[in-house]
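Notes for the one structure printed next.
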Amino acid sequence: MFLAGPTDDVHAFVAQLHTDARFADITPKESWSDAQPFKKMLVKVKGEIIRMNHPAIRPAEGRAPSVTPATMKRWLDQGHDDDGRPVVTLDTRNDFEVDEGTFDNAIDWRITKFTEFPDALRSHLDELKYKTVVSFCTGGIRCEKAAILMREEGLEHVYQLDGGILKYFEETDGAHYHGGCFVFDERRAVDHQLHVMENPQVKTPA
């Protein structure tokens, strides 16, 4: 869910959510805009959030292992994980989002929609063996589903970036990431300080 509004109103809404046991552990990601980034809130009921056409992948039934933004940055700083395995980052977003910005040397399979991810993964499984793979996306949905699928396909050392790129920007200095992060509202893209980019590079597909 994306919610925009005056600071106090948004914080009050989140505080109210936290009083409900079902939402008590929600950790919002915050970014700031001088203008209202979207005009209305839309609520849709969908059979699958970010469709993968793989109904067995259900994050609600068990999350994929994750790494915090701080751990991800440390691994990228040192060039390997804490067990000495080489670390690769896997961008699970669509190609037009990747073109706006991504992590240095991130794997990009040029998918145009997330339903293409399972086939792309199976075509590249051998390249990922014996490495630590960190999947990432904008806010943490696609990369979680991707990490679950990778483990299902037999890859052992797979993690998702907890909170996605936006949380990485929020909790680190944005090191190892170049460009902006495409967001699905009127801001179009934000930089590593979560500020609106003046000249985003990407055009959304028609």
Side-chain angles (χ1 to χ4, degrees), residues 1-8 10-11 14 25-38 50 63-109 128 131-147 150 157-204:
M1 176 174 62
F2 283 88
L3 182 67
T7 305
D8 290 345
V10 173
H11 286 170
V14 173
D25 61 350
I26 282 179
T27 306
K29 292 178 279 290
E30 293 187 350
S31 59
W32 304 85
S33 176
D34 292 329
Q36 189 76 6
F38 48 86
I50 312 295
R63 296 197 67 205
S66 63
V67 292
T68 65
T71 298
M72 169 96 151
K73 181 181 181 299
R74 178 166 54 78
W75 284 359
L76 295 177
D77 284 344
Q78 63 195 28
H80 55 80
D81 69 10
D82 295 333
D83 294 319
R85 279 184 299 272
V87 173
V88 295
T89 56
L90 173 59
D91 202 324
T92 65
R93 300 172 299 159
N94 297 338
D95 52 6
F96 72 92
E97 299 168 77
V98 179
D99 289 342
E100 182 61 40
T102 191
F103 283 97
D104 298 337
N105 303 312
I107 297 169
D108 167 24
W109 290 330
L128 302 178
K131 297 176 181 176
T132 291
V133 183
V134 180
S135 62
F136 67 93
C137 55
T138 307
I141 298 175
R142 281 175 286 188
C143 46
E144 174 150 26
K145 297 181 78 169
M150 285 189 281
H157 308 291
V158 174
Y159 302 88
Q160 61 165 318
L161 174 58
D162 200 18
I165 299 165
L166 295 179
K167 185 58 75 172
Y168 186 85
F169 284 176
E170 187 178 334
E171 296 188 355
T172 76
D173 59 3
H176 306 288
Y177 190 102
H178 279 87
C181 178
F182 182 86
V183 289
F184 294 86
D185 57 51
E186 293 180 14
R187 294 173 299 169
R188 302 294 299 277
V190 295
D191 63 19
H192 74 278
Q193 294 179 313
L194 295 170
H195 296 157
V196 178
M197 294 191 70
E198 294 294 329
N199 298 297
Q201 301 298 311
V202 70
K203 295 180 179 179
T204 53

Short side-chain donor-acceptor distance under 3.5 Å, H176 and D77: yes

Value rounded to 0.5 Å, distance of OG in S66 from CE in M72: 12.0 Å

Under 3.5 Å donor-acceptor, T92 side chain and F136 backbone: yes

Main-chain N/O of A64 paired with E144 side-chain donor or acceptor, under 3.5 Å: yes

E100/R93 ion pair, N-O < 4.0 Å: no

Derivation of the side-chain contact (heavy atoms from CB on, under 4.5 Å) call for F103 and Y168: CA-CA 11 Å; F103 283 97; Y168 186 85; 3.6 Å; yes

D191 (side chain) donor-acceptor with Q193 (main chain) under 3.5 angstrom: yes

Contact check, side chains of V14 and I26, non-hydrogen atoms, under 4.5 Å: no

Point-to-point distance, once rounded to the nearest 0.5 Å, from CG of L166 to CG of L161: 10.0 Å

Evaluation steps, side-chain contact (heavy atoms from CB on, under 4.5 Å), between K29 and T138: CA-CA 11 Å; K29 292 178 279 290; T138 307; over 6 Å; no

Pair D82-W75, side-chain donor/acceptor within less than 3.5 Å: yes

With sequence neighbours excluded, residues passing side-chain hydrogen bond (donor to acceptor under 3.5 Å, both in side chains) with H80: none

Listed partners of D104 passing side-chain hydrogen bond (donor to acceptor under 3.5 Å, both in side chains), at least two apart: H178

No-hydrogen, no-angle side-chain donor-acceptor test under 3.5 Å, T132 and R85: yes

Residue list, side-chain hydrogen bond (donor to acceptor under 3.5 Å, both in side chains) with H192, at least two apart or on another chain: none

